[in-house]
There are 2 protein chains.
Amino acid sequence: MAIKSALDALDIKILKILQNNSQHTLKDIAEQVNLSLSPTHDRIKRLEMDGYIKGYVGILNRKKLNLGLMVHCQVTLEKQNRSNFSEFEKSIKEFPEVISCHLVSGNFDYYLNVISEDVESYNRFYQEKLAVLPSVAHISSLFVMDEIKTTTSLPL
Amino acid sequence: MAIKSALDALDIKILKILQNNSQHTLKDIAEQVNLSLSPTHDRIKRLEMDGYIKGYVGILNRKKLNLGLMVHCQVTLEKQNRSNFSEFEKSIKEFPEVISCHLVSGNFDYYLNVISEDVESYNRFYQEKLAVLPSVAHISSLFVMDEIKTTTSLPL
DNA sequence: AAAGCCAACGAATTAAATTCGCTGGCCTTT
DNA sequence: AAAGGCCAGCGAATTTAATTCGTTGGCTTT
């Protein structure tokens with residue numbers, strides 16, 4: 001028999017609650033899933049231990065923190081060798097301005113999401129940190145005019 | 001005199017801690033900022049009340065939850081009137097598959113981030129929910145091959 | 001049918017958050 | 001320059017929540 005690991009409906013319900021608001025009390029969650037405190041507690045700990053929950057974070061308001069500019073940034077690398085790629089990725093991971101980076105199919109290679117105070121500050125990041133990375137062939141910057149939706153909640 | 005509102009170095013330090021891990025105890029945070037419990041508590045509550053902290057969430061592991069596919073989706077609307085835009089935006093906000101949507105400068109209009117189980121399930125979303133929205137002129141889908149970096153932490 | 005297992009339970013304990021009255025330093029006002 | 005008021009920080013007391021643990025009942029397995 002395989003190791004017990006599948007999630008049941010209650011686990012999913014708990015995950016849905018926690019991914020929307022992790023500050024609910026155990027009592028609160030227990031009521032919503034119709035269990036008592038201890039099994040609810042056990043389930044949450046199990047979900048954490050098994051890696052279904054990566055962690056708990058506070059979501060900050062970037063506009064109030066003077067980080068009003070978001071830029072989508074398409075980066076193409078020179079295609080010679082794949083070793084360029086891991087070097088590039090390593091740098092990206094260390095830049096706090098980059099809040100996401102994906103390798104995508106299509107014309108360009110990486111799609112970044114960059115947070116800055118303003119255009120000037122973005123330009124500084126662009127010139128001094130991004131454009132100087134070795135093997136960067138092309139970068140194009142798309143400015144975010146309006147943030148329609150942003151959530152960390154997955155469709156469960 | 002302006003209403004007291006600026007954040008000092010300790011506030012920023014607290015925000016940095018909370019945006020990385022909201023499960024730290026008050027005692028823990030208090031030690032890190034060199035304050036006692038009560039002022040630390042007061043500051044956190046103030047930061048919440050003033051909207052610097054939008055909320056606290058659990059971050060789930062989408063790969064473990066059978067949501068292995070992420071698609072970047074560029075959507076162009078017909079340009080006649082702006083009323084199309086708000087209708088489109090309203091629908092997007094209601095789709096749980098869409099975890100982010102930005103209005104961007106450049107050739108297309110909206111840039112979406114969509115989460116699905118697999119290509120089949122994405123195609124269902126595409127055909128049945130996205131492509132049928134009124135005034136959608138063009139959609140192109142870029143598949144995420146690798147997730148290099150994803151964080152909710154802002155560069156403070 | 002008996003044995004073993006697992007999930008749920010409630011009570012007891014421990015730990016954390018919250019409240020509140022007090023204090024000292026700093027700024028304002030005269 | 002002195003007095004008064006204000007604000008941030010403090011510690012103790014209280015409330016609330018999380019955690020632990022021994023027990024129970026229902027299912028499955030043999």
Side-chain angles (χ1 to χ4, degrees), chain A residues 1-61 63-67 152-154 156, chain B residues 1-61 63-67 152-154 156:
Chain A
M1 182 176 87
I3 296 160
K4 165 79 179 215
S5 68
L7 303 183
D8 67 13
L10 292 184
D11 291 325
I12 299 295
K13 209 164 175 182
I14 290 171
L15 290 176
K16 276 186 187 177
I17 294 168
L18 288 175
Q19 78 170 341
N20 280 307
N21 178 2
S22 62
Q23 299 286 88
H24 279 113
T25 63
L26 204 54
K27 183 159 159 281
D28 216 5
I29 298 168
E31 277 168 16
Q32 290 187 60
V33 297
N34 282 315
L35 283 178
S36 66
L37 290 180
S38 20
T40 308
H41 181 259
D42 290 349
R43 278 168 181 265
I44 293 172
K45 290 300 150 194
R46 177 171 50 77
L47 292 167
E48 291 171 355
M49 287 305 109
D50 292 353
Y52 292 100
I53 301 172
K54 292 204 268 188
Y56 299 94
V57 301
I59 302 297
L60 306 188
N61 186 333
K63 304 229 168 117
K64 290 209 67 157
L65 289 161
N66 194 29
L67 294 167
T152 52
S153 289
L154 301 176
L156 295 181
Chain B
M1 185 176 86
I3 296 161
K4 166 79 180 218
S5 68
L7 303 182
D8 67 15
L10 293 185
D11 292 325
I12 299 293
K13 210 164 175 181
I14 290 171
L15 290 175
K16 277 187 187 176
I17 293 167
L18 289 175
Q19 78 169 341
N20 280 308
N21 178 2
S22 63
Q23 299 286 87
H24 279 112
T25 63
L26 205 53
K27 183 157 158 281
D28 217 4
I29 298 168
E31 277 168 15
Q32 289 187 60
V33 297
N34 282 314
L35 282 177
S36 66
L37 290 180
S38 19
T40 308
H41 182 259
D42 290 349
R43 277 168 181 265
I44 293 172
K45 290 300 150 193
R46 177 170 51 76
L47 291 167
E48 292 170 354
M49 287 304 110
D50 291 353
Y52 292 99
I53 302 172
K54 292 203 268 187
Y56 299 93
V57 301
I59 302 297
L60 306 188
N61 186 332
K63 303 231 167 115
K64 290 209 68 157
L65 289 161
N66 194 27
L67 294 167
T152 51
S153 289
L154 301 177
L156 296 180

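Only heavy atoms go into these numbers, but all of them, side chains included; no hydrogens, no water, no symmetry mates. In what follows, chains are A, B, ... by sequence order, proteins preceding strands, each numbered from 1.
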**Request:** Grab the CD-P distance between A:Gln23 and C:dT18 for me, whole Å please.
**Result:** 9 Å
**Request:** Specify the separation, in whole Å, of atom CD1 of A:Ile29 and atom C1' of D:dA17.
**Result:** 12 Å
**Asked** Can you tell me how far NE2 of A:His24 sits from CD1 of A:Ile44, rounded to the nearest 0.5 angstrom?
**Response** 11.0 Å
**Prompt:** How many angstroms lie between atom OH of B:Tyr52 and atom CD of B:Gln19, to the nearest 0.5 angstrom?
**Reply:** 15.0 Å
**Fill in**
Taken to the nearest whole Å, CG/A:Asp42 to C1'/C:dC9 is 10 Å
**Request:** Side chain of A:Leu35 only, please: which of C:dC9, D:dG11, C:dT18 is the nearest?
**Result:** C:dC9
**Prompt:** Nearest-Å distance, NE2 (A:His41) to P (C:dT14)?
**Reply:** 16 Å
**Asked** Once you round to the nearest 0.5 Å, how far does CG of A:Leu60 lie from CG of B:Leu156?
**Response** 6.0 Å
**Message:** Looking at B:Lys64 and A:Asp50, is any side-chain nitrogen of the basic one under 4.0 Å from a carboxylate oxygen of the acidic one?
**Reply:** no
**Prompt:** Rounding to a whole Å, what distance do you find between B:Lys45:NZ and C:dA16:C1'?
**Reply:** 12 Å
**Prompt:** How do A:Thr25 and A:Ser38 order along DNA chain D: which one's closest nucleotide is nearer the 5' end?
**Reply:** A:Thr25
**Item:** Which nucleotide in D:dT19, C:dT18, C:dC9 has an atom nearest any side-chain atom of A:Pro39
**Value:** C:dC9
**Item:** Atom-to-atom span, CG of A:Leu37 to P of D:dC21 - whole angstrom
**Value:** 17 Å
**Message:** Nearest whole Å is fine: how far is D:dA18 P from A:Arg43 CZ?
**Reply:** 17 Å
**Request:** Let me know the distance between CG of B:Leu26 and P of C:dT18, rounded to the nearest Å.
**Result:** 8 Å
